[in-house]
Amino acid sequence: MEQYKSREIEAKWQGYWEAHPELCQANDSSDKPKKYILDMFPYPSAAGLHVGHVESYTATDIVSRYWRAKGFNVLHPQGWDAFGLPAENYAIKTGVHPDFVTHENIKNFTRQIKSLGMSYDWSREIDTSSPEYYKWTQWFFLFLYENGLAYKKKAKVNWCESCQTVLANEQAEGGICERCKNPVVQKDLEQWFFKITDFIEQNKNTAGLLEGLDKLDWPESIKAAQRNWIGKSEGSEIDFKIVGSNLKIKVFTTRIDTIFGCTYCVVAPEHKTIQELKGRIENWPEVEGYIEKTKSKTDLDRMEAKEKTGVEVKGVKVVNPFNDEEVPLFIADYVLAQYGTGAVMAVPAHDERDFEFAKKYDLPIKKVVSPERIPMGKDCFTDDGILINSQEFDGLKSEEAREKMTKWLEEKGLGKKVINYRLRDWLVSRQRYWGAPIPIIYCEKCGEVAVPKEDLPVVLPTDVDFKPTGESPLANSKSFHEVKCPKCGGEARRESDTMDTFVCSSWYYFRYADHVNDEEFAAKEKIQKWLPVDLYVGGAEHAVLHLLYARFFTKALHNLGYIDFDEPFLKLRNQGMIMAEDGRKMSKSLGNVVNPDDAVAGFGADSLRIFEMFMGPLEDAKPWNTQGIVGVRRFLERIWRLQEKITDEESKGVRALVHKTIKKAGEDIEMMKFNTAISAMMILVNEAEKNGIAKDSYGSFVKILAPFAPHIAEEIWEKLGNAESIFASAWPDYDSGLIKDEEINLVVQVNGKMRDMLKVGADIGQDGAKAAALESEKIRVHVAGKEIRKIIFVPGKLLNIVV
RNA sequence: GCCCGGGUGGUGAAAUGGUAGACACAAGGGACUUAAAAUCCCUCGACCGCAAGGUCAUGCGAGUUCGAGUCUCGCCCCGGGCACCA
C-alpha cells in the first residue's frame with residue numbers, strides 16, 4: 001500500500017482547514033453549551049516558536065477539538081502580546097522600527113502555529129499593538145482613573161540605568177533588572193499607579209485577591225506564590241513616645257509578645273521623623289552622612305551587605321509603653337522604609353536580625369520568651385514560647401500574650417491591631433516608546449485632564465526617535481506632545497509615558513469575545529456568553545505578574561458593575577518545562593535548543609504533537625528525546641497500515657477494546673492526562689494489528705486519535721470513504737455493555753500477598769470466590785493447617801485470605 | 001530561613017488503599033535480506049533456581065491497615081518560588 005507521507009498529508013489538510021475556517025470557529029449565536037479554552041498569548045519574539053509553546057498549544061488544541069466533537073460551542077482564539085521591550089531594544093540597536101519587526105515576527109509565529117495544525121479561531125485574532133486594540137487599553141486606564149483606581153504620585157521607583165526606564169517591583173526582583181540583569185537604582189519620579197491594593201481583601205461584593213484563590217482550580221504552587229507575593233501579615237502598631245517631645249515613632253511588629261525584650265528601636269534612613277528631629281540630634285552630621293550614603297546605594301547593595309550597619313540617633317530616646325523604659329534609637333538600612341511603618345522595635349533575644357545588630361553595636365539582649373520544651377540554649381530564640389520577665393504577662397503563651405497585649409495597648413490608646421501587606425500598588429508608567437500611550441493631558445490651567453473617551457485612541461506616532469534618553473521618546477515628538485486642552489482649549493501637553501505591557505495583557509481575554517467592537521471593549525451579552533475562561537494554560541513564570549494583574553482587572557470590572565463574575569480564569573494549568581536532551585535548560589548559549597520547525601520537517605507535525613503529549617504529565621518538566629519522537633512516528637505508521645488490517649469479522653476482544661479505549665481517551669482528555677490516553681490508543685493498535693479491526697471500529701478509533709494527530713486522522717477518515725471533515729463528526733459513543741468483562745482475573749492473596757490469579761465469572765460472589773480459591777493448589781500450600789481468621793473480598797477484583 | 005512540588009527499572013513513565021513497573025525508548029537475541037535499512041518475533045528490576053516457584057524491591061526510618069508507591073509522623077536528597085517584609 002501507499003506509504004504514510006506526513007509532509008503531503010499535512011500540507012493537504014492545512015490547506016483544507018484554511019478553506020474551511022468554520023470547523024473551528026466559535027459561534028456567537030449558537031445555543032449549545034460553551035467552553036472557553038485559552039492559551040496565554042505569546043510575545044512574538046524574534047526567536048520564534050519554542051517547543052514549550054508547542055506543548056501547551058497542543059494540550060489546549062486537543063481539549064478544544066474534544067469539546068467541539070462532544071457538541072460544545074468552543075471559543076479557542078489566539079493573538080499577540082505585541083508591545084514590549086525586546087522589539088524596542090532591537091530597534092535601538094539596528095534602527096529597524098519595532099512595528100515592522102513585531103509584525104515580521106507575528107508572520108513567522110503564525111506560519112509556525114499553522115504548520116502544527118492548531119485549530120484556533122483565527123477570525124478573532126488580536127494584536128495589542130494595533131490602535132483598534134490599544135484604544136481599549138487606554139479606555140481601561142481611564143476607567144480606572146475615573147473610579148479612583150489610577151493615580152499619579154511622586155515615588156521612589158526602580159530605575160534601570162541601562163534600559164533607561166522605570167520598572168515594576170515584579171520586574172526588579174532582587175534589585176536586578178529583569179531585562180538586562182543590571183542593578184536597579186532608586187529614583188524619585190512622578191509615576192502612574194493602579195490601586196491593586198484596594199482588592200487584596202473583599203471590596204463591597206467583590207471577593208478579594210487573597211480569598212478568591214480558594215475557589216479556583218489552579219495549581220497549588222501558583223496560589224501559594226500569589227499568597228506569598230501579597231504577603232499578608234497580622235500584627236500590632238505600637239507608639240513609642242520620643243522623650244521630651246510630643247512626637248512619636250510608630251513601630252510595626254508581629255511579635256508584640258516579645259516587647260519586654262525591646263532594648264532599642266530602629267527606623268529606616270528615609271523615615272521622615274528623623275528630619276523633624278534634626279535640631280535635637282547631637283550627631284546630626286553622622287546621621288545625615290548615613291542617610292546620604294543609603295540614598296546612593298542600589299537595592300542590590302543594600303541586600304548584599306554582609307554586615308548590618310547603622311547609626312545611633314544621639315540625643316533622642318524613645319519609650320517602651322509597656323514598661324516605660326527609655327531605649328536608644330538607631331537608623332539602619334536593614335529596616336525597609338516601604339514596609340509597615342518604616343520603624344521597628346528591636347528585640348535581639350528573639351529576632352536574628354536584631355541579634356546580629358545588637359552583637360555588632362554591643363547593645364543589651366534581654367530574654368523574655370522561654371521555649372516550651374527544650375531549655376533555652378541558643379542566644380537567639382525566634383519561636384513562640386512562654387513569656388518571662390514580662391510583668392503581668394509572665395506565664396502566658398506567645399499567642400495568648402499577643403492578643404492580651406494588643407488589647408492592653410488599644411485600651412490605653414497606645415496602639416492597635418494592624419494588617420500589613422507586601423503587595424504595593426502597581427506602577428504602570430514606562431518611559432518607553434513601544435507601548436500604549438497613557439491618555440492624559442496636562443493643561444496649565446486645568447491641570448491633569450483625561451482624554452475624552454471619544455478621542456481615543458491616542459495614537460502612537462510612528463515618526464519618533466525611540467532611542468532612550470531618560471524621558472519618554474514620545475516627549476520628543478512635537479506633533480504628539482503639543483496638544484489643546486480638551487477642557488479649556490488652551491495650550492497643553494500630552495502625557496508622554498506609555499503603559500506597562502502587562503496592562504495590555506490584563507484584559508485581552510475579554511476582547512476575544514467581541515474583538516471588532518468599536519463601541520465597547522466587549523459587549524455585555526458577548527461577555528456573558530463566553531466568559532469566564534474555562535481552561536487557561538501557560539507557563540508558571542506568570543504566577544505573580546500577569547495572573548495577579550488580570551485578576552485585579554476582572555475584580556475592578558465586577559466591583560463597578562460591568563460584569564457578574566470576579567475571577568477571570570476558573571481552571572489553570574501550567575505546562576512543565578521541556579528540557580534539552582542533555583537534561584539542562586534549553587538555551588541559545590548552550591546551543592541545545594530544539595526548533596519545532598526542524599521537528600516538523602523531520603517527523604511531521606502529528607508526530608511532534610503526540611510525542612510532546614506522550615512524554616509525561618503536562619505539568620512535569622521533562623527532557624527532549626529524539627529517539628522518543630522516532631518511536632511516535634512509528635506508532636503513526638502502524639496506525640496508517642491498519643488500513644490493510646480491516647476485516648469484516650472483528651474479534652470480540654478487539655471490539656471490546658475499541659469501546660474501552662473510547663471511554664478511556666475521553667476521560668483522560670477531560671483530566672488532561674494525555675500521556676495515558678495515548679498509551680491506551682497504542683494498546684488498541686497493538687491488538688488491532690494482530691487480530692484485525694472492523695471498518696466502523698477503525699473509524700471510531702481515528703476519531704479519538706483526531707484531536708492528537710489531526711492530519712493523519714483526516715486522511716484516514718477520507719480514505720474510509722467519508723466526504724466530510726472528521727472534525728464535523730461527533731465524538732463516538734461507547735457501549736457500556738461491551739466494556740463489561742464476562743470473565744475477570746481474580747487476584748487471590750494470603751495475608752495480603754498475591755499467591756494466585758483465577759479466571760472466574762465477573763459476577764462471582766464471596767463464597768464462590770472463596771471456594772474457587774481453596775481449590776487452588778497454590779493457595780492451599782499457604783493455608784494448609786491454619787485457621788482462616790478473616791476473608792476480605794473486593795467484588796470483581798480480589799480475595800484476601802487472612803490466616 | 002519560609003512556602004510549593006518531587007524522589008518508582010538503563011531512560012521517559014503507569015498504577016480509585018488491592019497483580020508495582022502498563023505504554024514507550026534504549027539494549028540484547030532471532031527471522032527476513034547478498035547486505036543494510038525498514039518490518040516482524042522473543043528477552044529485558046535484582047537475587048536464588050533447569051523449571052515450577054521463591055525472596056527482595058517504589059529515597060531512609062517508624063506507624064495505621066487484612067493489604068501501603070499511594071494514608072500519618074520523623075528524617076535525607078533534588079527542583080521551583082519568595083526572602084533583611086520585623
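Each chain gets a letter, A, B and so on, in the order the sequences are listed, and its residues count up from 1.
Rounded to whole Å, the distance from CH2 on A:Trp229 to C1' on B:G81 is 10 Å. Taking atom CD1 of A:Ile678 as the reference point, atom P of B:G12 lies 18 Å away to the nearest angstrom. Rounded to an integer number of Å, the gap from A:Ile801 CD1 to B:G18 C1' is 15 Å.
Ranking B:G18, B:G53, B:U19 by closeness to the A:Lys778 side chain, first place goes to B:G53. Residue A:Val794 places its side chain closer to B:G18 than to any other of B:G12, B:G81, B:G18.
In this structure, A:Lys690 reaches neither bases nor backbone, as no heavy-atom distance under 4.0 Å exists between it and the strands shown. When heavy atoms are screened at a 4.0 angstrom cut-off, A:Lys223 is found touching no nucleic acid atom at all. Contact annotation for A:Phe635: no contact, since no heavy-atom pair falls under 4.0 Å across all strands. At a threshold of 4.0 angstrom between heavy atoms, the contacts of A:Ile792 include nucleobase atoms, whether or not backbone atoms are also involved. As judged by a 4.0 angstrom heavy-atom cut-off over every strand, A:Glu220 is placed among residues touching the sugar-phosphate backbone only. A:Ser221 comes within 4.0 angstrom of the backbone, heavy atoms only, and of no base.
Summary of the strand contacts: A:Phe614 and A:Thr676 both lie near RNA chain B, and taking for each the nucleotide with the nearest heavy atom, the more 5' one is attributed to A:Thr676. Mapping A:Asn686 and A:Met615 onto RNA chain B via the closest heavy atom, the residue that lands nearer the 5' end is A:Met615.
Residue A:Lys308 places no side-chain N or O under 4.0 Å from the OP1 or OP2 atom of B:A86. Distances shown here put a side-chain N or O of A:Asn675 below 4.0 Å from the OP1 or OP2 atom of B:A14. In terms of phosphate contacts, A:Arg755 brings a side-chain nitrogen or oxygen within less than 4.0 Å of OP1 or OP2 of B:G54. For B:G18, neither phosphate oxygen OP1 nor OP2 lies less than 4.0 angstrom from any side-chain nitrogen or oxygen of A:Lys797. Here A:Tyr334 does not reach the OP1 or OP2 of B:A86: none of its side-chain N or O atoms lies under 4.0 Å away.
For A:Glu619 against B:G5, a side-chain-to-base donor-acceptor contact under 3.5 Å is absent.
Put simply, the side chain of A:Asp354 gets close to the backbone of A:Val347: a donor and an acceptor are under 3.5 Å apart.
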